[in-house]
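Please read the structure below before turning to the comments.
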2 protein chains.
Amino acid sequence: MPDTVLNERALKLLKTLVQRYIRDGQPVGSRTLSRESALEVSPATIRNIMADLEELGLVSSPHTSAGRVPTAAGLRVFVDTLVTVKPLQKKIAAEIANGLSETGESSQALVTTASKLLSQVTHLAGVVTVPRRTHGQLRQIEFLQLSDNRVLAIIVVNAREVQNRILKLDRSYTESELRQAANYLTDQFAGNDVSDVRSKLLGELKQARESMNEMMLNAISMAQRAFEKGETEDDFVMAGKTNLLDFAELSSVDTLRQLFEVFNRKRDILHLLDQCTKAEGVQIFIGKESGYEPLDECSVVTAPYTVDDEVVGVLGVIGPTRMAYERVIPIVDVTAKLLGQALKMP
Amino acid sequence: MPDTVLNERALKLLKTLVQRYIRDGQPVGSRTLSRESALEVSPATIRNIMADLEELGLVSSPHTSAGRVPTAAGLRVFVDTLVTVKPLQKKIAAEIANGLSETGESSQALVTTASKLLSQVTHLAGVVTVPRRTHGQLRQIEFLQLSDNRVLAIIVVNAREVQNRILKLDRSYTESELRQAANYLTDQFAGNDVSDVRSKLLGELKQARESMNEMMLNAISMAQRAFEKGETEDDFVMAGKTNLLDFAELSSVDTLRQLFEVFNRKRDILHLLDQCTKAEGVQIFIGKESGYEPLDECSVVTAPYTVDDEVVGVLGVIGPTRMAYERVIPIVDVTAKLLGQALKMP
DNA sequence: ATTAGCACTCTCCCGTGGAGACTGCCAATG
DNA sequence: CATTGGCAGTCTCCACGGGAGAGTGCTAAT
């Protein structure tokens, strides 16, 4: 036994073991390891070290006479301290940058593109949460009469987002009533932070119920309805689920079934992604660390993306625990940065 | 050999064979068939008849000593002449009706719900094309200034559909210019069939280029841009892909991969669905009849749905060839009718 | 501490040999 | 002459077993 159990040599071996395992997904034997690692040691020595690593819970053997496979803990050590992030290929960086710049206006489209790019470049499943701009500036409110009692509210935020919402009202309004209401509201609230608008509306309504004329009251109550449930349900997009079919270790139909089910339910995944807004920079969940049973055999690599220094969403990829972290990490990293930039542009 | 080769008894046997095969997906032997069918004949007789049916290409045996399995041709005969459609369970009809009536306003939402209902009720994959109303009445056009040179066009059709489109223009317009343009266009074209508007715009522009004032010219050219590319890309929705994972015969990971890929590409499927708008009533494609290799082991059951006697879209389900046609056919049928009704409502 | 050698273990891949399920054919039957 | 019972033949499925290959753990030597 060496001075400290996890000495440099052991770590170097762990690193090559993980790299090899990631490459072809099979247990790595001592002979292979002795050839692969630059270290000049015999297989026998490696076997000893492996026994140590196994005791520490960093590797394990599927059965007596197979090589070793890194455990989740082993992978964690790898990504935390051993991984040497490959410099991003220019070609790939360009692919992402182009993809995003070629995409048109709406932030929804940008998010979808980002997700597709991630999946395309990493050959994993890409996920991106829809940006939730807590500090957007309300630009304009407009109402259109659709039919009796039904009014279309259009809310423009930040010169980019456009939200439609159909309101059913208790009576019908004339066109000029609607125009007046819209003008009043736009005058009153344009430039306000959109997260404040709702509470201000409530305050306004309560504070001055009697001092206002009917028109204003109507306008405010309509606006309230329009701002209700501001979150849309479609709050993240995902591309490349089929890439997961490529990996042998996920290919039991049952595992796949579970996986696809989770992606359909969305909520669980979203919760997981939400946690990532707190940290900054790339974050990695390996296996059970995600806390969701169906993802036990998956890793998730995420990074928050920002607009004007404010975190507005998270993106990342989901794949088997044996994904190519060295490649994936920088990809997720720059995609987050580029998406942030793309969203900022006018 | 009987009078005519495909006599009544042979057909009855084919029917029970198909039913049995659909039920549990395994080859059916002569003994089973003799018990199952109400016919009082011995297995030996049945073996003779089976030999005949095999010669006709309606059944086949996977190997010498397995029972018989219906071929695609056999299934075709079954659905064309033998199937006795089960009366739709009230519970299911109610489920669909409720599901649709509880869904809110937008036709997009209705379509998604319909797709989900189909998949939920049949345990297959549900598909619905987005309604393409060729004869919708234009109700209103509105323009909103977003930022310099960027204008949001809002087109209201039929008191239900709302389309947004962002236009990049060569100069910026004042609010009143936009309002005038919108008013002019709404006056001019409201009530027109939306499919005519574009051509009328063109005509108007050409015919009277000099006689118009600049405002009108601007209005018309803006409107033209707004009506370009009227089709959205997201032209059908699909729910319940995961249901396909349930069926043993589709569960080779490779088959599944192909299948999911097809659903992602969308275009091929859409083409297939488009063909179904021509026929009326329920239409069935068995195996290769669909013409798409990845669907070789699948059947597609579709029905067009109508609004005001005009076919506006197609819905249906996709599943393995051995799907429960007797149950699925009426479900697809009523869903089409109910969706049509739901879309018609104000 | 490292290494070579060796016995041991476990998987994977065949080939083998019933057991079970049907068929196809033939001869008997009404 | 259609139908039936009987019977041999065929094919799958599964369990068993043995040999090859890979890799380990232990021990004794360096």
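The sequence lines fix the lettering, A, B, ..., with proteins before strands; numbering per chain opens at 1. This structure is a prediction, so every number in the text was calculated from the model and none was measured.
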Next item on the list: For A:M50 and for B:I46, find the nucleotide of DNA chain D with the closest heavy atom, then tell me which residue's nucleotide is more 5'.
Entry: B:I46

Check: Do the side-chain N or O atoms of B:S42 get closer than 4.0 angstrom to the phosphate oxygens (OP1, OP2) of D:dT4?
Finding: yes

Next item on the list: For B:P62 and for A:E54, locate the closest nucleotide of DNA chain D by heavy-atom distance; then report the residue assigned to the nucleotide nearer the 5' terminus.
Entry: B:P62

Checklist line | Rounded distance (Å) that lies between atom C1' of D:dA2 and atom CZ of B:R9 | finding: 8 Å

Next item on the list: Would you verify whether the NZ or CZ of A:K266 falls within 45 degrees of the ring axis of A:F236 while also being under 6.0 Å from that six-membered ring's centre?
Entry: yes

Notebook entry, point to check: To the nearest Å, how far apart are B:Q26 CD and C:dA21 P?
Noted result: 12 Å

Note to self: Expressed as a whole number of angstroms, how long is the span from B:E40:CD to D:dG5:C1'?
What the structure shows: 17 Å

Margin query: Does either side chain, that of B:T242 or that of A:E261, offer a donor lying less than 3.5 Å from an acceptor on the other one?
Written below: yes

Notebook entry, point to check: With respect to the phosphate group of D:dG25, does any side-chain polar atom (N or O) of A:T64 fall under 4.0 Å of OP1 or OP2?
Noted result: no

Margin query: Between C1' on D:dA2 and CD1 on B:I49, what's the gap in Å once rounded to a whole number?
Written below: 10 Å

Next item on the list: Please examine the side chains of A:L11 and A:E8, heavy atoms only from C-beta on, and report whether any two atoms are closer than 4.5 Å.
Entry: no

Next item on the list: Answer yes or no: side-chain N or O of B:S65 and base N or O of D:dC11 forming a donor-acceptor pair under 3.5 Å.
Entry: yes

Next item on the list: Identify, between B:G67 and B:A44, the residue whose nearest nucleotide on DNA chain C lies closer to the 5' end.
Entry: B:G67

Notebook entry, point to check: Below 3.5 Å, does any donor atom in the side chain of B:R47 face an acceptor in the base of D:dG5, or the other way round?
Noted result: no

Note to self: Could you tell me how far apart A:N48 (CG) and D:dA28 (C1') are, to the nearest whole angstrom?
What the structure shows: 14 Å

Next item on the list: Record whether the side chain of B:R31 comes under 3.5 Å of the base of D:dG5 through a donor-acceptor pair of N or O atoms.
Entry: no

Item checked: Under-4.0 Å side-chain N/O to phosphate OP1/OP2 contact, A:T45 with C:dT2 -> no

Notebook entry, point to check: What is the distance from CG of B:L53 to C1' of C:dT23, rounded to the nearest Å?
Noted result: 15 Å

Margin query: If we check side-chain contact (heavy atoms from CB on, under 4.5 Å) with B:T16, which of these qualifies: B:L82, B:T32, B:L33?
Written below: B:L33

Checklist line | For atom CG of B:L39 and atom C1' of D:dA2, their distance in whole Å | finding: 14 Å

Check: Between C:dG24, D:dT10, C:dT11, which nucleotide has the shortest distance from any of its atoms to the side chain of B:R68?
Finding: C:dG24

Item checked: For the student: nearest non-hydrogen atoms of A:S299 and A:T321, plus distance -> OG-CA, 3.3 Å

Check: Between D:dT4 atom P and B:L33 atom CG, what is the distance in whole Å?
Finding: 14 Å

